[in-house]
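Since the structure comes first, as structure tokens, the remarks are kept for the end.
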Amino acid sequence: MSYSCTGRGNSQDLSSAKKPAGNNPDRDTGGTDSSADTSSNGSPKQTAAMKVKKGCNSTDVGVPVTTEEDLLGSTVITPEDVLGLQKITENYLCSPDENVYNIDFTRFKIRDMETATVLFEITKPPSIDKAGEKRDIDPNAGRFVRYQFTPAFLRLRQVGATVEFTVGDMPIENFRMIERHYFREKLLKSFDFEFGFCMPSSKNTCEHIYEFPPLSEDIIREMVLHPYETQSDSFYFVDNKLVMHNKADYSYNGGT
């Protein structure tokens with residue numbers, strides 16, 4: 001079976017913050033069941049109500065500063081490690097082999113919460129073609145996304161990001177995502193979401209609600225004039241260990 005969940009994330013303008021850090025207070029839960037589905041071998045997938053804890057801004061003081069070079073030499077990378085990063089990473093901090101839970105993101109959609117307008121949607125192609133042959137898929141495929149928006153996107157206050165993903169035959173405890181957005185190596189926003197428990201062999205659909213801080217007109221102008229210099233790191237943890245790392249960059253000059 002498949003199930004869905006909704007989480008809400010908050011953030012603040014960090015242009016004046018000197019040292020980003022982590023703090024995760026007062027998260028609440030919520031979740032609903034969704035429609036039935038079956039696994040690839042035809043057997044029913046398990047059903048459960050998935051609870052997603054409220055996302056929070058992770059910018060409090062107290063986490064030591066870390067560097068990408070330090071983390072690339074670590075055998076285990078924790079949430080506190082990535083919260084100490086001062087700029088966008090140049091490399092992936094873990095390999096696809098670290099994803100021993102076979103977490104596979106298959107669909108992603110962004111919508112304006114005020115108008116319900118879909119702003120972006122992408123679906124991963126199936127691993128099996130129409131002839132039933134298995135495709136050769138680059139293990140790094142899907143780890144990077146390039147977004148193209150209009151300048152109006154930077155003035156949106158609330159955006160919903162729906163993600164669909166499947167997991168393998170192991171249950172997942174304490175599934176957490178930390179997403180950090182930068183412009184020219186300056187931290188703009190840091191979001192922290194907890195997915196909670198994921199049942200084995202399940203298909204999940206979650207919508208995270210991003211509440212964006214207002215940006216100054218000067219920063220908006222610079223972000224529009226310099227496409228793809230706005231970047232983000234998305235770090236995924238299971239039991240406080242990094243298992244996936246995705247990256248994205250952004251252009252806001254569409255339609256201009």
Side-chain angles (χ1 to χ4, degrees), residues 4-18 20-32 51-60 83 88 105 107-122 145-164 176-195 205-236 246-256:
S4 64
C5 58
T6 301
R8 184 178 298 270
N10 301 313
S11 147
Q12 64 185 30
D13 187 346
L14 305 180
S15 58
S16 61
K18 294 182 179 180
N23 186 28
N24 305 313
D26 301 327
R27 295 190 180 94
D28 52 26
T29 62
T32 60
K51 294 182 178 180
V52 173
K53 297 182 179 180
K54 185 178 179 181
C56 70
N57 126 56
S58 50
T59 61
D60 204 356
L83 289 171
I88 195 76
F105 293 100
R107 187 172 68 91
F108 187 68
K109 179 179 72 174
I110 296 176
R111 66 181 179 124
D112 176 7
M113 295 301 294
E114 292 186 2
T115 65
T117 302
V118 175
L119 306 171
F120 179 89
E121 187 166 10
I122 187 171
V145 178
R146 170 159 284 185
Y147 296 99
Q148 294 179 309
F149 298 117
T150 67
F153 186 92
L154 294 172
R155 292 181 169 83
L156 296 178
R157 297 278 65 84
Q158 197 175 74
V159 171
T162 299
V163 60
E164 180 181 276
R176 176 179 177 185
M177 178 185 76
I178 294 175
E179 186 170 284
R180 294 167 71 78
H181 292 248
Y182 299 84
F183 175 62
R184 291 182 168 180
E185 300 188 351
K186 178 185 293 184
L187 182 65
L188 296 175
K189 298 179 285 287
S190 186
F191 295 98
D192 195 335
F193 292 102
E194 291 193 21
F195 294 84
T205 304
C206 300
E207 182 172 46
H208 293 154
I209 311 302
Y210 290 78
E211 295 179 351
F212 292 146
L215 298 171
S216 70
E217 289 301 315
D218 288 342
I219 291 179
I220 289 176
R221 186 182 309 109
E222 289 298 306
M223 292 171 72
V224 171
L225 290 175
H226 299 90
Y228 309 119
E229 292 189 34
T230 305
Q231 301 169 290
S232 67
D233 281 312
S234 297
F235 303 101
Y236 298 88
N246 294 340
K247 300 174 73 66
D249 62 17
Y250 306 80
S251 167
Y252 300 103
N253 62 2
T256 60

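Everything numeric here is computed off the predicted structure, so don't read it as measured data. Computation of the quantities below employed the complete heavy-atom set of this structure, encompassing side-chain atoms and omitting hydrogens, waters and symmetry-equivalent molecules.
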### Message
Are Phe153 and Phe120, when compared by the centres of their aromatic rings, separated by less than 6.0 Å?
### Response
no
### Task
Apply side-chain contact (heavy atoms from CB on, under 4.5 Å) to Ser232 and list each qualifying residue two or more places apart in sequence or on a separate chain.
His181, Ala248, Tyr250
### Query
Listed by chain and number, what are the side chain to side chain donor-acceptor pair (under 3.5 Å) partners of Lys109, not counting sequence neighbours?
none
### Task
Measure the CE-CD distance between Met113 and Glu207 for me, rounded to the nearest 0.5 Å.
5.0 Å
### Task
Mark yes or no for whether Arg111, through its side chain, and Val159, through its backbone, hold a donor-acceptor pair below 3.5 Å.
no
## Note on the structure
In this structure, CG of Leu154 is separated from CZ of Phe149 (nearest 0.5 Å) by 9.5 Å
### Message
Working to the nearest 0.5 angstrom, can you tell me the gap between Phe108 CZ and Glu121 CD?
### Response
10.5 Å
#### Entry: Least distance between heavy atoms, Ile209 atom then Phe193 atom
O-CZ, 4.2 Å
### Query
Taking all non-hydrogen atoms of both residues, which atom of Asp233 and which atom of Tyr182 are closest, and how far apart?
OD2-CE1, 4.4 Å
### Task
Heavy atoms only: give me the nearest Arg157-Pro214 pair and the separation to one decimal.
NH2-CA, 3.4 Å
### Query
Are any non-hydrogen side-chain atoms of Ile178 and Leu83 less than 4.5 angstrom apart?
yes
### Message
To check you understand the geometry: which heavy-atom pair defines the closest contact between Pro151 and Gly254, and what is its length?
### Response
CD-O, 3.6 Å
Table please: side-chain donor-acceptor pairs of residues 218-225 below 3.5 Å, with sequence neighbours left out.
| residue | atom | partner | partner atom | Å |
| --- | --- | --- | --- | --- |
| Asp218 | OD1 | Arg221 | NH1 | 2.9 |

### Message
Test of understanding: with side chain to side chain donor-acceptor pair (under 3.5 Å), list the residues that count as partners of Asp249, not counting sequence neighbours.
### Response
Arg146
### Task
Please state whether the rings of His208 and Tyr210 are parallel, tilted or perpendicular, taking 30° and 60° as the class boundaries.
perpendicular
### Message
Quick check for you: to the nearest 0.5 Å, what is the distance between Ser234 atom OG and Arg180 atom CZ?
### Response
11.5 Å
### Query
Is Arg107 close to Thr205 at the side-chain level, that is, under 4.5 Å between some pair of heavy atoms?
yes
#### Entry: Point-to-point distance, once rounded to the nearest 0.5 Å, from OH of Tyr228 to OH of Tyr252
11.0 Å
### Task
Go through the structure and list residues passing side chain to side chain donor-acceptor pair (under 3.5 Å) with Glu217, not counting sequence neighbours.
Arg155
#### Entry: Distance in Å, Leu119 CG paired with Thr150 OG1, rounded so as to fall on 0.5 Å steps
8.0 Å
### Query
Can you name the side chain to side chain donor-acceptor pair (under 3.5 Å) partners of Thr115, sequence neighbours left out?
Asp112, Thr117
### Task
Answer yes if the side chains of Tyr236 and Glu179 hold a donor-acceptor pair under 3.5 Å, and no otherwise.
no
